[in-house]
Number of protein chains: 2
Amino acid sequence: MATPSNKNLRTEVRSAAFEQVREAHQTETAEDYVEMIADLIAEKGEARVVDLASAFGVTHATVNKTIARLNKEGFVTNEKYRSLFLTPKGQKMAEACKSRHEIVVGFLKSIGVSARTAELDAEGVEHHISPETLKAFAAFAKKKK
Amino acid sequence: MATPSNKNLRTEVRSAAFEQVREAHQTETAEDYVEMIADLIAEKGEARVVDLASAFGVTHATVNKTIARLNKEGFVTNEKYRSLFLTPKGQKMAEACKSRHEIVVGFLKSIGVSARTAELDAEGVEHHISPETLKAFAAFAKKKK
DNA sequence: AACCAATTGTAGCCTTGGCTAAGTTTTTTG
DNA sequence: CAAAAAACTTAGCCAAGGCTACAATTGGTT
Ligand SMILES: [Mn+2]
Ligand SMILES: [Mn+2]
Ligand SMILES: [Mn+2]
Ligand SMILES: [Mn+2]
């Protein structure tokens with residue numbers, strides 16, 4: 001049980017887990033932004049800087065800086081003083097994120113978590129769910145329904 | 001369905017969710033460090049800077065800077081060139097985090113996620129689980145067992 | 001057309017959490 | 001017990017994501 005190889009395995013999984021968390025946090029902002037931009041365009045016809053600021057609860061200056069990064073990384077296109085658009089790459093990511101988001105919310109509700117808490121917790125949890133776990137979530141929620 | 005009050009509620013929950021995520025990320029490092037320090041002391045008798053660096057997969061310089069902050073915030077005590085200790089406040093937090101971590105891992109396994117993936121995903125998920133959801137996780141895993 | 005309010009942009013600041021590189025101290029080892 | 005290795009500290013750099021304050025642009029109102 002307490003063999004060296006066992007301990008090494010635990011150690012290896014441990015640091016891999018933290019590495020995975022750091023990676024998730026690096027893509028998190030891009031994921032939330034593209035999802036929100038897609039939602040806003042679907043709901044209101046356009047996504048403006050003020051809308052994003054209000055949705056995320058941050059200042060417009062923060063949104064502006066983030067948009068500049070997402071533009072540089074190829075997720076968003078933006079012209080000065082005009083509303084925001086997603087690139088095909090950004091759209092694809094938005095769809096995947098929306099789907100994942102909904103699976104997580106649905107799953108949490110299906111194990112008895114209230115709608116509000118499910119929404120609140122899902123916004124963070126969604127970024128730390130591997131494909132395997134996502135599949136398990138989807139399967140469970142579907143069976144439960 | 002698409003009444004204004006409904007839309008305002010959605011909007012309110014939305015920004016509250018992102019605020020909750022930002023808060024979780026602010027306490028995350030402290031939580032992971034105190035838990036790890038407690039684990040190392042339990043397993044090896046002491047927690048050293050190199051141990052933490054290897055466990056988290058970061059450099060010892062990064063650990064050092066973080067420890068300085070945790071000291072300032074009252075979670076850790078440290079004397080130069082000596083191993084690290086938790087304050088009572090740090091110990092209390094470590095226990096809560098360890099318990100929460102185990103609940104999350106156990107829950108993921110109970111819905112069919114493999115042991116390795118459960119460990120990997122739990123390290124991030126744990127910080128985004130509210131008390132209500134944690135209770136639901138614990139209840140489900142217990143029932144399933 | 002001119003003005004004013006709203007929106008967007010930009011500069012500069014802060015904190016966190018990464019890193020490398022170089023200097024100290026402690027511990028081990030020959 | 002001296003030298004080498006290991007561990008620790010410190011300084012300085014970077015990127016991300018917050019903020020405030022101020023400047024520029026747009027768009028609606030009169
Ligand atoms: Mn999210
Ligand atoms: Mn989301
Ligand atoms: Mn963690
Ligand atoms: Mn997170």
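These figures come from a predicted structure and were not determined experimentally. Order of the sequence lines fixes the chain letters, A, B, ..., with proteins taken first and strands second; residue numbering starts at 1 for each chain. Just so it is clear, the values below take in all heavy atoms, side chains as well, and ignore hydrogens, waters and symmetry mates.
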Distance, rounded to the nearest Å, where B:N78 contributes CG and D:dT10 contributes P: 10 Å

Hey, could you give me the CD/CG distance between B:E132 and A:L108, rounded to the nearest 0.5 Å? 9.5 Å

Output the rounded distance in Å from CZ (A:R48) to C1' (D:dT26). 12 Å

Write down the distance between CD1 (B:I67) and P (D:dA7), rounded to a whole number of angstrom. 16 Å

Are A:T62 and D:dG17 close enough that a side-chain N or O sits under 4.0 Å from OP1 or OP2? no

Walking DNA chain D from its 5' end, the first of B:E79 and A:T59 to be reached, judged by nearest nucleotide, is B:E79

Can you tell me if B:K80 touches the phosphate of C:dT24, counting only side-chain N or O atoms and a distance under 4.0 Å to OP1 or OP2? no

Stacking between A:H60 and C:dT7, defined as ring centres under 5.5 angstrom apart with planes under 30°, is that present or not? no

Nearest-Å distance, CD (B:E46) to P (D:dA7)? 11 Å

Checking side-chain polar atoms at under 3.5 Å, does B:H25 have a donor or acceptor matched by the opposite partner on A:H25? yes

Assign each of B:A61 and B:T66 to its nearest nucleotide of DNA chain C by heavy atoms, then name whichever residue's nucleotide is nearer the 5' end. B:T66

Report the relative orientation of the aromatic rings in B:H128 and A:H128; use parallel for angles under 30°, tilted for 30 to 60°, perpendicular for over 60°. parallel

Is any NZ, NE, NH1 or NH2 atom of the basic residue among B:E31 and B:K98 found under 4.0 Å from an Asp or Glu carboxylate oxygen of the other? no

As a test of your reading of the structure, name each stem of DNA chain D as range with range, where a stem is three or more consecutive Watson-Crick or G-U pairs at under 3.5 Å. C:1-30 with D:1-30

Please confirm whether the shortest side-chain N or O distance from B:R82 to OP1 or OP2 of C:dT27 is below 4.0 Å. yes

Please report the distance, rounded to the nearest Å, between NZ in A:K72 and P in D:dA16. 6 Å

Does C:dG9 have OP1 or OP2 under 4.0 Å away from a side-chain N or O of A:K65? no

Using a strict threshold of under 4.0 Å (side-chain N to carboxylate O), is an ion pair present between B:R116 and A:E12? yes

On the nucleotide D:dT9, are OP1 or OP2 found under 4.0 Å from the side-chain N or O atoms that B:N64 carries? yes

Pair A:F140 and B:F140, ring centroids less than 6.0 Å apart: yes

Is there a chain of hydrophobic side chains (I, L, V, M, F, W, Y, each step under 4.5 Å between heavy atoms) that links B:V113 to A:F107? yes

Do the side-chain N or O atoms of A:R69 get closer than 4.0 angstrom to the phosphate oxygens (OP1, OP2) of D:dG17? yes

Nearest-Å distance, CG (A:N71) to P (C:dT8)? 16 Å

May I have the distance from B:E31 (atom CD) to C:dG17 (atom P), rounded to whole angstrom? 12 Å

Exactly one candidate in B:V125, B:L134, B:T133 meets side chain to side chain contact (heavy atoms under 4.5 Å, CB included) with A:D121; the answer is B:T133

Which one, D:dG17, C:dT26, C:dG9, comes nearest to the side chain of A:T29? D:dG17

What is the distance from CD of B:Q26 to P of D:dC19, rounded to the nearest Å? 11 Å

